[in-house]
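Model, not experiment: these values are computed from the prediction. Every heavy atom of this structure was used, including side-chain atoms; hydrogens, water molecules and symmetry mates were not. All ligand and atom numbering here is 1-based and tracks the order in the structure.
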Amino acid sequence: MISITTLFSQARRVLIASVSTLVLSTVVMTNANSADTATTYNNSCAACHDSGALNAIKKGDSAKWQQLIKQKSMPTLINSVKSGMIQMPAGGLCDACSDDDYRKLIEYMSK
Ligand code: HEC
């Protein structure tokens, strides 16, 4: 027969295991989020926004970017990237990017 104490200690072990998994995945996710914006830019957005390919607004064209941010607002621009546009593929070639990553990338391009 399994005693109550055994049951309790088993339950506690399961709980501790899931809590540590949670802590671990949070750490991994935080690392992914703080990944260098410049690196993410080079690996995804740069394909079009560096050269202005397909008429993408160029990185560093602050006047155009500032105007667009003012016109549409940052949340709208983030949604544009996520759902894609006429020429821009949904996600802008960055599958792992969060909303916050997109915001940082847009700010990076607008400077
Ligand atoms: C395959 C080329 C391509 C890639 C890769 C790409 N873009 Fe774009 N992007 C475009 C083009 C072209 C436009 C202009 C709108 C259109 O014609 O699709 C655009 C427009 C935008 C806009 C303006 C949206 C609006 O509402 O006017 C933002 C913001 C943007 N891109 C951000 C990004 C970010 C951030 C990345 C990287 C994660 C990225 N793009 C990757 C081609 C690209």
Query raised in the report: Which residue from Leu77, Leu54, Asp101 reaches closest to atom 12 (C) of ligand 1 through any of its heavy atoms?
Result: Leu54
Requested in this report: Locate the shortest heavy-atom distance separating Ser110 from Ser62; write the atom from each residue and the value.
Outcome: O-CB, 3.1 Å
Query raised in the report: Under 4.0 angstrom from ligand 1, any heavy atom of Trp65?
Result: yes
Requested in this report: Could you check if a side-chain atom of Trp65 sits within less than 4.5 angstrom of a side-chain atom of His49, using non-hydrogen atoms only?
Outcome: yes
Report task. Report yes if the side chains of Arg103 and Leu77 come closer than 4.5 Å at any heavy-atom pair, otherwise no. Result -> no
Query raised in the report: Which protein heavy atom lies closest to atom 23 (C) of ligand 1, and at what distance to 0.1 Å?
Result: Leu68 CD2, 3.6 Å
**Report entry** Proximal atoms of ligand 1 relative to Tyr102 (non-hydrogen, under 4.0 Å)
**Finding:** 38 (C)
Query raised in the report: Under 4.0 Å from any heavy atom of Pro89, which atoms of ligand 1 are there?
Result: 1 (C)
Query raised in the report: Does the pair Cys48 and Cys45 meet the rule for a disulfide (SG to SG under 2.5 Å), with working shown?
Result: CA-CA 6 Å; Cys48 304; Cys45 325; over 6 Å; no
Report task. Please confirm whether Ser44 comes under 4.0 Å of ligand 1, counting heavy atoms of the residue only. Result -> yes
Query - Side chain to side chain, Asn55 and Gln87, heavy atoms closer than 4.5 Å - result: no
Query - SB check Lys104 Asp100 (cutoff 4.0 Å) - result: yes
Report summary line: Protein N/O/S atoms closer than 2.8 Å to atom 8 (Fe) of ligand 1, ordered by chain and number, come to His49 NE2, Met88 SD
Query raised in the report: Can an N or O of Gly91 be found at a distance shorter than 3.5 Å from an N or O of ligand 1?
Result: no
Report summary line: Numbered in order shown, the ligand 1 atoms found under 4.0 Å of a heavy atom of Ile106 are 29 (C)
Query raised in the report: Among Glu107, Gln87, Arg103, which one has a heavy atom closest to atom 17 (O) of ligand 1?
Result: Gln87
Report task. Using a strict cut-off of less than 4.0 Å between a Lys/Arg side-chain nitrogen and an Asp/Glu carboxylate oxygen, indicate whether Glu107 and Lys111 qualify as a salt bridge. Result -> no
Query raised in the report: Quick one: are Asp101 and Thr40 in side-chain contact, heavy atoms under 4.5 Å?
Result: no
Query raised in the report: What residue pairs, at least two apart or across chains, pass salt bridge (charged side-chain N to carboxylate O under 4.0 Å, His left out) with a residue in residues 46-60?
Result: none
Query - Enumerated ligand 1 atoms positioned under 4.0 Å from heavy atoms of Met109 - result: 32 (C), 33 (C), 34 (C), 35 (C)
**Report entry** Gln66 side chain reached by Lys70 side chain, heavy atoms, under 4.5 Å
**Finding:** no
Query raised in the report: Which residue supplies the protein heavy atom nearest to atom 25 (C) of ligand 1, what is that atom called, and how far is it?
Result: Lys72 NZ, 3.3 Å
Requested in this report: Determine whether Thr76 and Ser73 make a side-chain contact, defined as any pair of heavy atoms from C-beta on separated by less than 4.5 Å.
Outcome: yes
Query raised in the report: Can you list the ligand 1 atoms lying under 4.0 Å from a non-hydrogen atom of Leu93?
Result: 5 (C)
Query - Donor-acceptor pair, side chain of Tyr102 and main chain of Gly91, under 3.5 angstrom - result: yes
